[in-house]
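Read the structure below first, then the notes.
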Amino acid sequence: MLGIKEIQEIIPHRHPFLLVDVIEELVPGVRATGYKCVTYNEPFFQGHFPEMPVMPGVLILEALAQVGSVAMLSLEENKGKVGFFGGIDKAKFKRKVLPGDKLKLECEIIKRKGPVGIGRAVATVDGKVAASAEMTFMIG
């Protein structure tokens, strides 16, 4: 299990843009599973939307990408590097993510070639899919 400090040793994100609280499972270069505990105090809820707070879909995808980056950057040859988005395909949103939700973030790397990897990512709340996508990671 990796906490915030260990996550920050792998990826460069910091508050308020670090969207992963804990990594529960990690197989470097293969898969990672993490969690984001969504609270009403998240800065994005001030404007999205004050009367009906909903976590923006792009931030759910970003949280998934951060978990995928932990998987990719945990490989010995990628330590100290940064993961960038190369693309997002097949993104789907199935349910709202609200304050109080515990967002489970899973990313499995399904293809790797040099500094590029493709991950299949799924975000769930209470076992129900909130979002899914295929993401391309570029390590630089």
Side-chain angles (χ1 to χ4, degrees):
M1 176 128 23
L2 304 177
I4 293 290
K5 185 176 179 179
E6 293 85 8
I7 294 168
Q8 289 179 330
E9 290 172 3
I10 299 170
I11 61 176
H13 304 77
R14 299 296 182 261
H15 179 79
F17 212 70
L18 180 59
L19 299 173
V20 182
D21 296 324
V22 67
I23 297 290
E24 178 182 74
E25 177 189 12
L26 173 61
V27 179
V30 178
R31 72 177 168 276
T33 300
Y35 290 92
K36 165 72 175 155
C37 294
V38 182
T39 70
Y40 185 74
N41 294 325
E42 306 290 346
F44 49 80
F45 285 137
Q46 293 176 14
H48 198 268
F49 304 99
E51 300 297 317
M52 182 180 32
V54 176
M55 185 173 183
V58 295
L59 293 182
I60 298 169
L61 293 179
E62 174 63 29
L64 286 166
Q66 289 180 17
V67 169
S69 287
V70 168
M72 290 288 290
L73 296 173
S74 293
L75 288 167
E76 193 59 41
E77 66 263 26
N78 293 335
K79 289 190 182 204
K81 296 182 181 178
V82 177
F84 298 97
F85 263 131
I88 302 171
D89 292 311
K90 302 177 185 172
K92 293 186 177 162
F93 302 95
K94 301 286 188 177
R95 69 171 301 240
K96 295 181 227 173
V97 175
L98 308 170
D101 286 344
K102 185 175 182 182
L103 191 60
K104 183 176 184 180
L105 305 158
E106 301 173 275
C107 186
E108 178 184 4
I109 307 303
I110 58 175
K111 186 175 182 183
R112 252 188 13 197
K113 185 169 184 177
V116 177
I118 297 174
R120 184 175 300 124
V122 180
T124 58
V125 176
D126 296 327
K128 296 179 182 142
V129 175
S132 62
E134 282 189 7
M135 302 178 164
T136 302
F137 300 94
M138 300 174 72
I139 306 303

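Values in this document were obtained by computation on a predicted structure and should not be read as measured data. Note: hydrogens, waters and symmetry copies are ignored here, and every other heavy atom, side chains too, is used. Positions are given from 1 along the sequence.
Side chains of Asp101 and Arg95 form a contact here, defined as non-hydrogen atoms less than 4.5 Å apart. Contact check for Val20 versus Leu2: no side-chain heavy atoms found under the 4.5 Å cut-off. At a threshold of 4.5 Å between non-hydrogen side-chain atoms, the residues Met52 and Lys96 count as touching. Residues Glu42 and Met55 are not in side-chain contact: their nearest non-hydrogen atoms beyond the backbone lie 4.5 Å or more apart. Counting heavy atoms from C-beta on, the side chains of Val30 and Ile109 never come closer than 4.5 Å.
A distance of 12.0 Å separates CD of Gln66 from CD1 of Ile10, quoted to the nearest 0.5 Å. Note that the CG atom of Leu105 and the CD atom of Glu62 stand 11.0 Å from one another [nearest 0.5 Å]. Annotation: the span from Thr124 atom OG1 to Leu103 atom CG amounts to 7.0 Å, rounded to 0.5 Å. In this structure, Ile23 CD1 and Ile4 CD1 are separated by 9.0 Å, a value rounded to the nearest 0.5 Å.
Using a distance-only test at 3.5 Å, with no hydrogens or angles considered, a donor-acceptor pair links the side chain of His48 to the main chain of Val54. Looking only at distances, no side-chain donor or acceptor of Asn78 sits under 3.5 Å from a matching main-chain atom of Leu75. With hydrogens and angles disregarded, a donor-acceptor distance shorter than 3.5 Å links the side chain of Asp21 to the backbone of Cys37. A distance-only check finds no donor-acceptor pair linking the side chain of Arg120 to the backbone of Ser132 [under 3.5 Å]. In terms of modelled atom types and a separation under 3.5 Å, the side chain of Glu6 and the main chain of Gly3 share a donor-acceptor contact. Using a distance-only test at 3.5 Å, with no hydrogens or angles considered, no donor-acceptor pair links the side chain of Glu134 to the main chain of Lys90.
Ile110 and Phe137 end up in different hydrophobic clusters when Ile, Leu, Val, Met, Phe, Trp and Tyr side chains are linked at under 4.5 Å. By the rule that hydrophobic residues join a cluster once side-chain heavy atoms approach within less than 4.5 Å of another member, Leu19 and Val122 end up as members of separate clusters. No continuous path of ILVMFWY side-chain contacts below 4.5 Å connects Ile88 to Met138, so the two sit in separate hydrophobic clusters. Residues Met72 and Ile118 do not share a hydrophobic cluster, clusters being chains of Ile/Leu/Val/Met/Phe/Trp/Tyr side chains in contact below 4.5 Å. By the rule that hydrophobic residues join a cluster once side-chain heavy atoms approach within less than 4.5 Å of another member, Phe85 and Ile11 end up as members of one cluster.
Residues that satisfy the side-chain hydrogen bond (donor to acceptor under 3.5 Å, both in side chains) test with Arg31, not counting sequence neighbours, are Glu25.
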Inset, instruction - Check the pair Val125 / Leu98 against side-chain contact (heavy atoms from CB on, under 4.5 Å), numbers first and verdict last. - result: CA-CA 10 Å; Val125 176; Leu98 308 170; over 6 Å; no
Legend entry - side-chain contact (heavy atoms from CB on, under 4.5 Å) assessment of Met135 paired with Leu61: CA-CA 9 Å; Met135 302 178 164; Leu61 293 179; 3.9 Å; yes
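Crowding of Gln46 atom CD: a count of heavy atoms from other residues, nucleotides or ligands under 6.0 Å not exceeding 12.
When all heavy atoms of Val129 and Lys94 are compared, the closest pair comes out as O-CB, 3.1 Å. Closest non-hydrogen pair, Pro99 versus Pro53, comes out as CD-O, 3.6 Å. The shortest non-hydrogen separation linking Ala32 to Ala71 is CB-CB, 3.9 Å. When every heavy atom of Ala123 is checked against every heavy atom of Leu64, the shortest pair comes out as N-CD2, 3.8 Å.
In this structure, Tyr40 shares a hydrophobic cluster with no other residue, the cluster being traced through Ile, Leu, Val, Met, Phe, Trp and Tyr side chains under 4.5 angstrom apart.
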